[in-house]
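Everything on this sheet refers to the single structure shown next.
Side chains included, hydrogens not; waters and symmetry mates left out as well; all remaining heavy atoms used. When a ligand or atom number is given, it counts from 1 through the structure's own listing order.
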Amino acid sequence: MRLKYKLIAVFGGVVLVPVVLFSISLIVLASMKNSDLISLFRAEPAAKAIFFRLAMMFLVILIVTGLALVSFIYAEVAVPIRHLSEGTRYIAEGNLDFEIEVPKGDDRMADLCRNFNYMRQKLKDSADMTIENEMENRKLISNITHDLKTPVTSIKGYAEGLLDGVADTPEKQQKYLRTIYNKANDMDKLINELTFYAGIDTNRIPYNFARISISDYFDDCVDEISMDLESHGIELTYTNYIERNTKIIADPEQLKKVINNIVGNSVKYMNKEKGQISILLKEADDSVLIGIEDNGKGIDNKDLPYIFDRFYRSDTSRNSSKGGSGIGLSIVKKIVEDHGGRVWAHSHPDIGTTIFMEFRKYEG
Ligand SMILES: Nc1ncnc2c1ncn2[C@@H]1O[C@H](COP(=O)(O)OP(=O)(O)OP(=O)(O)O)[C@@H](O)[C@H]1O
Ligand SMILES: [Mg+2]
């Protein structure tokens, strides 16, 4: 039975039961021998009229009270239940863009409606996330296809050149082979990055956290980097204000990946004759700050907020001579955040870029 009919039945019960019981009592009283009531009515005809008037007033009060009670229950229970039922139907139909009205007050019904809205919001967030992941996966597949196709096309072209005898001198053959080798290397790097990224995405990076002296770690790191930078004709400045016994909790191998990605970008986007990279380490009370600055081509203000997003490249032409898939800085961000740190960038077009990282000190 619908709630509305149940309430009408309740109303009938509230009014009828007292009336019937009252009438039965009257009949019993009137049928008794020497009934006082009948004697009174016979002796005092006015009393009979007063009695019936009182009975009518009682009936009216009963109806009004019953109506008020039933309307109150209807407003408090039936309306929210109707909204909840409509809401469940919307959800079943896949519509998650609505909000049900929450009754005023702090009672169970209001709680139920609030929780219902919360549940709908959670479902919507999760549905949005699934759509976003789906879109990113599509983008990933189209990017991989493109990024792998470019070197494969070159490798095919140069290999055909060798097979057809176009490369007819040993120098030319050497050049063709070197290009094939470099392109295969590009593919290898891309595949490694993507494999790593697939792991990152599903939180499957096996971190090996350890207590490391940030100063010692960077001293070693800079030794390695400086050799590589020298070969690119880039000057490296290293300033370290961090105490030797200042430690952080980090995975040295993953941290290396972070530094290589940042420095790799500085090299890749260098546009000055005299390239310069500065690494600066400072410490505060409970954190260490690392800044890696270059004097390269810089990043436009409009691109700066997105450079840590997956696949974001300020140079949207994917055929750009710089290559790359826009994964590097998103890997940096993920690793730094998994270390409980944060990373951000400052940049001025044509002047240079600084990437900052902050990690919490290990207080042992
Ligand atoms: N030091 C920098 N100088 C100028 N632009 C930079 C610098 N670092 C990052 N960028 C810009 O930010 C974008 C994103 O960088 P990210 O490292 O994520 O991708 P990528 O270098 O294009 O590709 P990948 O790192 O996957 O090879 C780059 O495409 C570039 O436009
Ligand atoms: Mg990069």
Side-chain angles (χ1 to χ4, degrees), residues 136-137 139-151 154 182-201 205 222 225 228-229 232-238 254-280 290-338 342-357:
E136 286 209 337
N137 283 343
K139 204 164 143 193
L140 175 66
I141 291 170
S142 100
N143 286 356
I144 298 172
T145 318
H146 182 280
D147 289 346
L148 287 177
K149 219 172 174 171
T150 319
S154 300
N182 288 342
K183 294 291 166 190
N185 257 348
D186 286 351
M187 284 175 67
D188 192 38
K189 188 175 156 252
L190 182 68
I191 290 166
N192 281 341
E193 265 185 7
L194 289 169
T195 317
F196 180 81
Y197 206 84
I200 261 186
D201 221 16
I205 317 171
V222 164
I225 297 171
D228 190 35
L229 292 183
H232 284 95
I234 296 176
E235 191 191 320
L236 177 70
T237 320
Y238 173 51
Q254 304 300 345
L255 203 56
K256 193 73 192 299
K257 206 165 265 163
V258 166
I259 298 159
N260 284 345
N261 261 309
I262 298 173
V263 173
N265 279 346
S266 294
V267 174
K268 187 152 88 170
Y269 301 108
M270 180 55 69
N271 65 347
K272 306 286 179 336
E273 191 104 328
K274 277 188 78 165
Q276 280 173 349
I277 295 179
S278 315
I279 299 182
L280 173 72
I290 301 153
I292 302 179
E293 183 181 5
D294 64 52
N295 64 338
K297 70 176 198 148
I299 304 163
D300 252 21
N301 268 346
K302 70 169 176 37
D303 296 313
L304 204 53
Y306 309 108
I307 59 168
F308 293 99
D309 291 356
R310 276 190 229 193
F311 307 124
Y312 191 83
R313 309 197 56 221
S314 58
D315 179 359
T316 43
S317 129
R318 303 195 60 79
N319 294 313
S320 142
S321 57
K322 299 289 178 205
S325 35
I327 294 183
L329 286 182
S330 62
I331 291 179
V332 165
K333 183 164 187 265
K334 171 75 180 163
I335 296 177
V336 171
E337 287 179 353
D338 284 350
R342 60 188 193 105
V343 57
W344 67 100
H346 285 178
S347 189
H348 296 285
D350 213 37
I351 294 179
T353 304
T354 312
I355 305 285
F356 291 101
M357 285 179 283

Would you call [X] and [Y] a side-chain contact if the rule is heavy atoms closer than 4.5 Å?
X	Y	answer
Asp294	Met270	yes
Ile191	Leu148	yes
Ile299	Ile307	yes
Ile262	Val332	yes

Below 4.0 angstrom from a heavy atom of [X], which ligand 1 atoms are there? Numbered from 1 as shown, please.
X	answer
Asp294	1 (N), 2 (C)
Ile307	12 (O), 14 (C), 18 (O)
Lys268	20 (P), 21 (O), 23 (O), 24 (P), 27 (O)
Leu329	9 (C), 15 (O), 16 (P), 17 (O), 18 (O)

Open item on the list: For the 3.5 Å polar cut-off, considering only N or O atoms, please tell me whether Tyr269 and ligand 1 meet it.
Closed with: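 Checking ligand 1 against Tyr269, an N or O pair does fall under 3.5 Å apart.
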Task: Heteroatom distance test (Asn265, ligand 1): nitrogen or oxygen, under 3.5 angstrom - done: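 Min N/O separation from ligand 1 is below 3.5 Å for Asn265.
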Open item on the list: Just verifying a value: how many Å separate Lys274 NZ and Ile234 CD1, rounded to the nearest 0.5 Å?
Closed with: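 The NZ atom of Lys274 sits 13.0 Å away from the CD1 atom of Ile234.
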Open item on the list: Side chains of Asn295 and Asn271: any donor to acceptor distance under 3.5 Å?
Closed with: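 Absent: no donor and acceptor within the cut-off.
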Task: ligand 1 contact on Ile355 by region, counting heavy-atom pairs under 4.0 Å - done: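 It is neither part, as no heavy atom is under 4.0 Å.
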- [ ] Give the contacting part of Ile327 toward ligand 1: side chain, backbone, both or neither, where contact means a heavy-atom distance below 4.0 Å.
- [x]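 Contact part for Ile327 vs ligand 1: both backbone and side chain.
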TODO: Taking both backbone and side-chain atoms into account, decide whether Asn261 has an N/O/S atom under 2.8 Å from the Mg ion (ligand 2).
DONE: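 Of the N, O and S atoms in Asn261, none lies under 2.8 Å from the Mg ion (ligand 2), which means no.
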Task: Among Thr354, Thr353, Asp309, closest by any non-hydrogen atom to atom 3 (N) of ligand 1 - done: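 Result: the heavy atom closest to atom 3 (N) of ligand 1 is in Thr353.
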Open item on the list: With a 4.0 Å cut-off on heavy atoms, is Gly296 in contact with ligand 1?
Closed with: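 Contact absent.
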TODO: Assign the ring pair Trp344 / Phe356 to parallel, tilted or perpendicular, where the plane angle (0 to 90°) is split at 30° and 60°.
DONE: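 It falls in the parallel class, under 30°.
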- [ ] Search all heavy atoms of Val343 against all heavy atoms of Lys333 and return the closest pair with its distance.
- [x]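 Nearest pair, atom of Val343 first, then Lys333: CG1-CA, 3.8 Å.
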